[in-house]
Visitor: 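One structure is given below, represented as structure tokens, and several questions about it will come after.
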Amino acid sequence: MPDTASEAPELSLNLAMAVVASSHAPVLLLDENRVVVGASEAFCDAFGIDAHTIAGREFAKLGAGEWAVAQLQSLLKATASGLAEVKNYEFDLEREGRASRCLVLNAHKLNYGRGEPVRLLLAIADVTDARIAEKMTEDLIRDKGMLLQELQHRVANSLQIIASVLMQSAKRVQSEEARAHLHEAHHRVMSVAAIQRLLAVSSIDRVRLRPYLTQLCESIGASMIHDPGQISLNVTSDESSVNAEVSVSVGLIVTELVINALKHAFPEGRRGKIMVNYGSRGPVWSLSVVDDGVGMPKQPSGTPKAGLGTNIVQALAKQLEAHITIFDATPGTAVLLEHGEGGPGTEPVAAV
């Protein structure tokens, strides 16, 4: 009667050898002393080793000794003793006269039972091309970042030049109306410059609205509020973040509405405050700009002519698919933009 207990290790070894021989990937079967028991044809082809002479050779002495990496040999020894396991060990295979190859090794101890010889299954993956592709991607990202930074500097410089030209022109013109238009254009250019500067230091993909809107309003206040004790400008927001394109539209809307409030809500040295608030619940969000100034002027009969600010806000709100509502805050005026509720379209907006 055959001794099935003694045949089991031999059957397991034969199965392991069959798996190694049929593998299309570089695979080795080693004994506990790291001597090659079997090797796949893919291993021999990939690393230029004679398939007929590889069996019985020490793994560390294969080729010209390029596999004799001290750390790898220590890990294989520990794996054979059951103290460790080689998982995703990466190293560069250096061979004279050949390009370096980046390899990832995994080794697993095969258990045949107590007292039976130890076997190690060693699988090797060549990730050289993948690492080269990763480096190229990293280089492209770095180059793109450098180009973007240079572009941002150029845009910032151009905006500063435009703002300076507008201010110089405002000083030279005789018409008060023309001077007012030039000052208004200067404020808008400076606001766009503030948005550009804030986005330059933000994430390329996502912008956190609380610091973004806070810094934007601080910039507007610094250029237009001469006495902070007379008019305060405050921002409240949740922890929402939006993509850069949306943040630009939100920033421009806030800029237009805040500038409008500063121009019209507090005449003759009136004291007051402006509140900017943003909140969201999933895809539903709302943005409001509220002041406690003199309120909306009484409109004569007929449709009022929309100002430049009105057209800007309406166009940006349409891009964001937001619904606009303007109402008397008693005192003051409130402008509310809502996305995801309130229905499509926009309400008529008073001149900004």
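Heavy atoms only: backbone and side chains are in, while hydrogens, waters and symmetry mates are out. Since the model is a prediction, treat every value here as computed from it, not as a measurement.
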Visitor: Under a 4.0 Å N-O cut-off, is there an ion pair linking E239 with R208?
Guide: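 So E239 pairs with R208 through a salt bridge.
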Visitor: Is there a donor-acceptor pair under 3.5 Å between the side chain of D31 and the backbone N or O of R119?
Guide: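 No, because the side chain of D31 does not come within donor-acceptor range (under 3.5 Å) of the backbone of R119.
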Visitor: Determine, using the 4.5 Å side-chain heavy-atom cutoff (strictly less than), whether L72 and V36 are members of one ILVMFWY cluster.
Guide: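 Yes; tracing contacts between hydrophobic side chains, which count when under 4.5 Å, links both residues.
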Visitor: Indicate yes or no: at least one non-hydrogen side-chain atom of F43 is less than 4.5 angstrom from one of I54.
Guide: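 F43 reaches I54 side chain to side chain.
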Visitor: Under 4.5 Å between any side-chain heavy atoms of W285 and L209, yes or no?
Guide: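 Side chain of W285 against side chain of L209, heavy atoms only: no contact under 4.5 Å found.
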Visitor: Work out which heavy atom in A334 is nearest to a heavy atom in V290; give both atom names and the distance.
Guide: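 Where A334 meets V290 most closely, the heavy atoms are CB-CG2, 3.7 Å.
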Visitor: Quick check: does any side chain N or O of Y212 sit under 3.5 Å from a backbone N or O of V207, one acting as donor and the other as acceptor?
Guide: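 Answer holds: no.
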Visitor: Specify whether F59 and W67 have parallel, tilted or perpendicular ring planes, treating 30° as the upper limit for parallel and 60° as the lower limit for perpendicular.
Guide: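 It falls in the tilted class, 30° to 60°.
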Visitor: Please say yes or no: joined through hydrophobic side-chain contacts below 4.5 Å, possibly via intermediate residues, are I253 and M224 part of one cluster?
Guide: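 Yes, one cluster joins them.
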Visitor: Carefully, step by step, assess E338 and S286 under the rule side chain to side chain donor-acceptor pair (under 3.5 Å).
Guide: CA-CA 4 Å; E338 297 172 292; S286 64; over 6 Å; no
Visitor: Are K135 and E138 within salt-bridge range, i.e. N to O under 4.0 Å?
Guide: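 So K135 does not pair with E138 through a salt bridge.
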Visitor: When you measure from the side chain of T214 to the backbone of V235, do you find a donor-acceptor pair of N or O atoms at a distance under 3.5 Å?
Guide: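 Answer holds: no.
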